Amino acid sequence: MSHFLLDGTPVPFAAGDTLMAAAQRAGQSIAHLCWDARLGPSGACRLCTVRVDGRLAAACTTHAQAGQVVENRTAELDARRLRLTQMLFVEGNHFCPGCEKSGDCDLQATAYALGMADMHFELLAPQRPVDASHPDLWLDHNRCILCKLCVRASHEADGKNVFAIGGYGASTRLLVNAPSGRLGDSALQASDLAARICPVGAILPKRRGFAVPLGARRYDSAAPPEAPASASGDRDDAH
Ligand code: SF4
């Protein structure tokens with residue numbers, strides 16, 4: 001089997017593998033927020049940016065080739081990841097102390113893993129509506145990081161196309177495919193992968209908030225999201 005080098009460690013890959021897929025399968029960690037092994041790649045979050053033979057590339061969309069020299073955990077790349085994470089925090093309203101996803105959130109765990117101690121940028125403080133029209137789910141656009149995981153899950157796994165991304169630039173938003181644009185008028189069900197895959201606190205089940213005690217939440221004890229799924233405890237939706 002062919003190999004590439006990830007921070008000096010040989011990683012085997014199969015034809016068609018991306019760097020991310022091969023690394024995850026080999027138990028190597030590359031930071032990510034928008035990648036999931038069950039879905040096609042997106043390239044939205046850019047957390048997985050590595051240097052491939054000296055050039056920046058997203059590990060989730062770059063196909064592995066024999067002999068590639070891939071740099072991942074360097075000070076330069078982790079500094080880029082920290083800035084990207086800070087941008088995601090200031091773009092939305094991520095008040096973790098009042099969020100039901102705290103301790104179970106990939107964005108928050110990534111920030112901890114990168115040693116993020118402040119926002120660095122000015123808070124944009126958006127005032128987007130919260131959609132509580134669904135009987136079992138609610139959607140807070142102010143926490144959405146536009147990772148498109150729900151979009152891809154609804155299309156590729158659920159076959160419903162409930163979600164899409166619309167707008168452009170700073171006004172880009174998650175859209176709900178219903179005549180009213182409301183979650184309660186869509187075909188989304190709580191059992192759908194699209195309803196369970198959100199890595200942050202944007203799509204959440206109703207009547208289940210704060211059910212897990214502090215100390216027992218996923219990231220109170222499990223590895224951060226850049227770690228391989230096998231090391232991430234008993235999570236429902238392994239990334
Ligand atoms: S709602 Fe969640 S899964 Fe969907 S795009 Fe926003 S952050 Fe990603």
Side-chain angles (χ1 to χ4, degrees), residues 20 31-48 58 60-61 84-96 99-111 124 126-134 136-178 181-206 208-209 218-219 224-226 229 235-239:
M20 176 69 84
H32 60 272
L33 286 171
C34 73
W35 181 83
D36 186 291
R38 296 164 294 186
L39 304 172
S42 163
C45 77
R46 315 312 287 185
L47 263 288
C48 73
C60 71
T61 56
L84 287 169
T85 304
Q86 288 167 318
M87 287 181 198
L88 289 172
F89 264 87
V90 301
E91 195 280 332
N93 294 335
H94 297 281
F95 302 117
C96 303
C99 179
E100 297 167 35
K101 195 82 171 182
S102 183
D104 189 27
C105 171
D106 287 0
L107 178 65
Q108 183 192 49
T110 297
L124 298 186
Q127 296 187 12
R128 303 169 196 139
V130 172
D131 183 346
S133 59
H134 195 285
D136 302 315
L137 301 159
W138 64 286
L139 167 62
D140 186 345
H141 289 274
N142 299 297
R143 297 175 182 160
C144 175
I145 59 171
L146 299 174
C147 69
K148 302 188 220 169
L149 279 169
C150 62
V151 178
R152 284 175 281 150
S154 188
H155 176 69
E156 299 173 29
D158 305 330
K160 292 185 176 179
N161 294 315
V162 166
F163 296 106
I165 300 291
Y168 57 90
S171 64
T172 304
R173 296 288 176 270
L174 182 70
L175 304 176
V176 175
N177 182 17
R182 286 154 51 94
L183 215 51
D185 297 323
S186 76
L188 188 67
Q189 294 177 291
S191 58
D192 291 348
L193 183 60
R196 297 179 287 114
I197 201 168
C198 183
V200 296
I203 301 176
L204 287 170
K206 289 183 174 176
R208 255 190 25 209
R218 178 187 301 171
Y219 290 124
E226 73 267 29
R235 52 193 306 183
D236 178 33
D237 294 309
H239 289 222

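Just follow the structure's listing: the first ligand is 1, and inside any ligand the first atom is 1. All figures in this text were calculated on a predicted structure; none of them were measured in a lab.
- The protein atom (non-hydrogen) at minimum distance from atom 7 (S) of ligand 1 is Ile145 N, 3.4 Å.
- Between Arg182 and Asp131 no salt bridge is recorded (no basic side-chain N to carboxylate O distance below 4.0 Å).
- With a 4.5 Å cut-off on side-chain heavy atoms, Asn177 and Ser186 do not count as touching.
- Among all non-hydrogen protein atoms, the one lying nearest atom 5 (S) of ligand 1 is Lys148 N, 3.3 Å.
- Looking at Ala202 against ligand 1, only its side chain comes within 4.0 Å, counting heavy atoms.
- Judged purely by atom type and a 3.5 angstrom limit, His32 has no side-chain atom pairing as donor or acceptor with the backbone of Cys60.
- The closest side-chain heavy-atom distance from His141 to Leu174 is below 4.5 Å.
- Distance CG/Leu107 to CG/Leu47: 8.5 Å, rounded to 0.5 Å.
- Using a 4.0 Å heavy-atom cutoff, Ile197 is absent from the residues neighbouring ligand 1.
- Note that the CZ atom of Phe163 and the CG atom of Leu183 stand 5.0 Å from one another [nearest 0.5 Å].
- Residue, atom and distance of the protein heavy atom nearest to atom 6 (Fe) of ligand 1 are Cys144 SG, 2.3 Å.
- If you look at Ile165 next to ligand 1, there are no close heavy atoms at all, none under 4.0 Å.
- Proximity of Pro199 to ligand 1 is established by a heavy-atom distance of less than 4.0 Å.
- Per-residue contacts place Val200 under 4.0 angstrom from the following atoms of ligand 1 (heavy atoms of the residue considered): 7 (S).
- Near Leu174, the atoms of ligand 1 lying under 4.0 angstrom from a non-hydrogen atom of the residue are 1 (S).
- In this structure, atom 8 (Fe) of ligand 1 lies nearest to the protein heavy atom Cys147 SG, 2.3 Å.
- Among protein heavy atoms, atom 2 (Fe) of ligand 1 sits closest to Cys198 SG, 2.4 Å.
- Looking at Ser154, its side chain never comes within 3.5 Å of a backbone N or O of Val151 through a donor-acceptor pair.
- With sequence neighbours excluded, no residue satisfies side-chain hydrogen bond (donor to acceptor under 3.5 Å, both in side chains) with Arg208.
- Atoms of ligand 1 found under 4.0 Å from any heavy atom of Ile203 (numbered from 1 in listed order, with element): 1 (S).
- The distance from atom 8 (Fe) of ligand 1 to the nearest N/O/S atom of Cys150 is not under 2.8 Å.
- Remark: the backbone N or O of Glu156 is not paired with any side-chain donor or acceptor of Arg38 at under 3.5 angstrom.
- Counting heavy atoms under 4.0 Å from ligand 1, residue Arg143 does not touch it at all.
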